[in-house]
Protein chains: 2
Amino acid sequence: MSIAAVAQRAGVSPATVSRAFNAPQTVAPATRARIEAAAQFLAYTPNASAQTLRTRRTRSLGVLLPTLLNPVFAEYLSGVADAASSAGYSIVPVATDYVEARESDALVKLIARDVDGLLLTVANAQQSALLARLRRSGLPYVLTYNRHPEHPCVCVDGETAMRQLVSLAHAAGHRRIAMVSGQRNASDRAQQRHQGYLTAMHEFGLAPRLIEVPFMEALPSALTQPLGKADRPTALLCSNDLLAIRSLRAAAMAQLRVPEDVAVIGFDGIALGQELVTTLTTVAQPNRDIGLRGVQWLIDALSRHELPRPAHSITLPHQVRPGESFPLPHPMPSTPFPCHAESPL
Amino acid sequence: MSIAAVAQRAGVSPATVSRAFNAPQTVAPATRARIEAAAQFLAYTPNASAQTLRTRRTRSLGVLLPTLLNPVFAEYLSGVADAASSAGYSIVPVATDYVEARESDALVKLIARDVDGLLLTVANAQQSALLARLRRSGLPYVLTYNRHPEHPCVCVDGETAMRQLVSLAHAAGHRRIAMVSGQRNASDRAQQRHQGYLTAMHEFGLAPRLIEVPFMEALPSALTQPLGKADRPTALLCSNDLLAIRSLRAAAMAQLRVPEDVAVIGFDGIALGQELVTTLTTVAQPNRDIGLRGVQWLIDALSRHELPRPAHSITLPHQVRPGESFPLPHPMPSTPFPCHAESPL
DNA sequence: CTGTTAGCGCTTTCAT
DNA sequence: ATGAAAGCGCTAACAG
């Protein structure tokens, strides 16, 4: 059903029908009523492509993210989807698996799809030629999870969080505190978390120990082996929850009790962590909110015909979520690493 | 950059440029070369909306699914995304949370978006007015996970799988075999699985026991309570992996060892099941493949200007994936419930 | 093999 | 408050 059919049936011109939909107050109530009736009767739906061709707006957002197989990003995307949907936008997600080449491909495709704006989580915001191009393109975008002073970001302060964890572990009496990480340069988040670990360990005069785990293997020897040694770590700070879950299994394989023999903390706050036999103590990120806020910011910018400004980047608060894998003091010590949310809205 | 600009620079008409892109062999090599050079130079990208307006094809697929927060559907969507992307289609996912009203809304929105086809997983394919409307609409679609004789489906035979599990449990000596299920009428899959359980229990002359769990609570008493009783079940057949993971925790809370005191089997085959301290024995569905096949079928139909035909529905093979939560005989008994894949391709 | 022409459905000046 | 008319960028007959 085209607008012309509605116009004819309502006895008005196509232009008036268009107005009745897009600027109802500019059309006389009586006329509007007739138009609405006609539209109803004909089950008229505006043709999105024609609107787009004319207005150059698609009301869709591209979402570039590493993977859907990590629940962190599934939770995030779920937030993105809800926020977009309730603002009348649809989303076009593309997973890139942390591969830079796929990030570029995806970007090109999304741009060709004429998305109105872009939400992206890239492997590494520092060395991403992508972002430079993107900024030059003039297409509105917001980075999520990534932190970078020259780009608009909705993120969490992973470095601070990690320092906080080291501090907690130290306060609990731990001295052999290891960090479990995937291939470290896989993402800038992992790097930041690692940096926080190193800094804090240094501050406490402790020797850092890095356990680097190939991401693909289910139960890598990289993980089981250090736990077999006499001077094994007593606390494992994991760069993400998936690694923490593997660490729990590695500990069990090594006949170690969690948390008595080895305490484990995760990072990300995936929902499943709370359902495990040993619930996961973890740094809970507001994954859904990261998505929500990103979308809101983007759409807000879109509506004012502006670009999201790097200076308005938001750092959302994280929180250490208690679990059985690492007992926390009660009450939590007043955190020496305050974390404020700054809102651009 | 419009096609006109390219045409001008290459010294040909717009139509020829269009042909050079859409039917290269119909254009003289020399001309084509000039056009390509011009396009390259101007960084020309075809305008998708204009193409759509003209051809009535968007090269995008709507994906209606229950939720992204269950890894089953995240794995599935990941398959969908890959298959779509490699066929040059983008996807527009919408999560409906098993709520029929949201299913209808989503459908309307996707249709308004002019998707070329639809992949959907609905709560209940039997009583979904949605599907009747959808079929009448003439828009090509494929159901995934749902089974229904009158719709094109890519699914798994959950009823047979469940009977197989009862049979395995019985063979392992279990007699008090309970089924753990969410609100049973939440989805037709859950119903089918439950039906398989009932049938098989009846065949073996065993009394069925249903443990029904409110989906939202993390550790529902519905689950812990039956495990405290003297005649507690010795085997828990769970309607999905998330419930199985909760069951593992419930068992631990009740001081029961898995599998010695109570054995647990899941259903779905999410990747995380293999990373737990007690790895999950489960019915592994080919989640990614369900997505892949659904997309392939849909796109194939699209290309022939046909609708996917119900008669060509595919039942993909499931398999019982061994884990520590329920020891399996070695080798597996030749399954009394053969499961063939029938391909429409 | 290539050009001309018309029009997909909508929005938006510009008139009235 | 409403209508007429032009055009967004592209493709598909139809001619030549």
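So you know, we letter chains A, B, ... as the sequences are listed, proteins then strands, and number each from 1.
Rounded to whole angstrom, the span from the CZ atom of B:R57 across to the C1' atom of D:dC10 amounts to 13 Å. In this entry the distance linking CD1 of A:I35 with P of C:dC10 reads 13 Å, nearest Å. In this structure, CZ of B:R32 is placed 10 Å from P of C:dC1, rounded to the nearest angstrom. Straight-line distance from the CZ atom of A:F21 to the P atom of C:dT12: 15 Å, rounded to whole Å. Taking atom CG of residue A:N47 and atom C1' of nucleotide C:dT11, one finds them 13 Å apart after rounding to whole Å. One can place CD1 of B:I3 at 8 Å from C1' of D:dT11, the figure rounded to the nearest angstrom. Note: CZ (A:R34) to C1' (D:dT2) measures 11 Å, nearest angstrom.
Counting any heavy atom pair closer than 4.0 Å across all strands shown, A:T52 reaches no nucleic acid atom. Among the atoms of the strands shown, base atoms are found under 4.0 Å from some heavy atom of A:A15. A:T31 comes within 4.0 angstrom of the backbone, heavy atoms only, and of no base. B:Y44 comes within 4.0 angstrom of the backbone, heavy atoms only, and of no base.
For B:V12, taking side-chain heavy atoms from C-beta onward, the closest of the listed nucleotides D:dT11, C:dG3, D:dG3 is C:dG3. Taking only side-chain atoms of A:R54, from C-beta outward, the nucleotide of D:dT2, D:dC10, C:dC10 with the closest atom is C:dC10.
Distances shown here put a side-chain N or O of A:R56 below 4.0 Å from the OP1 or OP2 atom of D:dG9. For the pair A:N22 and C:dT11, the criterion of a side-chain N or O lying under 4.0 Å from OP1 or OP2 is met. A close approach under 4.0 Å does occur between a side-chain nitrogen or oxygen of A:Q51 and OP1 or OP2 of C:dT11. Between D:dG3 and A:T16, a contact under 4.0 Å exists linking OP1 or OP2 to a side-chain N or O. For B:S2 and D:dG9, the shortest distance from a side-chain N or O to OP1 or OP2 is not below 4.0 Å.
Across all their heavy atoms, A:L110 and A:V63 have their closest contact at CD1-N, 4.2 Å. Closest non-hydrogen pair, B:R56 versus B:D116, comes out as O-OD1, 4.3 Å. Between A:T67 and A:A95, the shortest heavy-atom distance links the atoms CA-CB, 4.1 Å.
The aromatic rings of A:W297 and A:H312 sit tilted, their planes meeting at an angle between 30° and 60°.
Each of A:R19 and B:L53 has a nearest nucleotide on DNA chain C; the 5'-most of these lies closest to B:L53. Between A:P46 and B:P29, it is B:P29 whose nearest contact on DNA chain C lies nearer the 5' terminus.
One N or O on the side chain of A:E75 and one on the backbone of A:A271 form a donor-acceptor pair closer than 3.5 Å.
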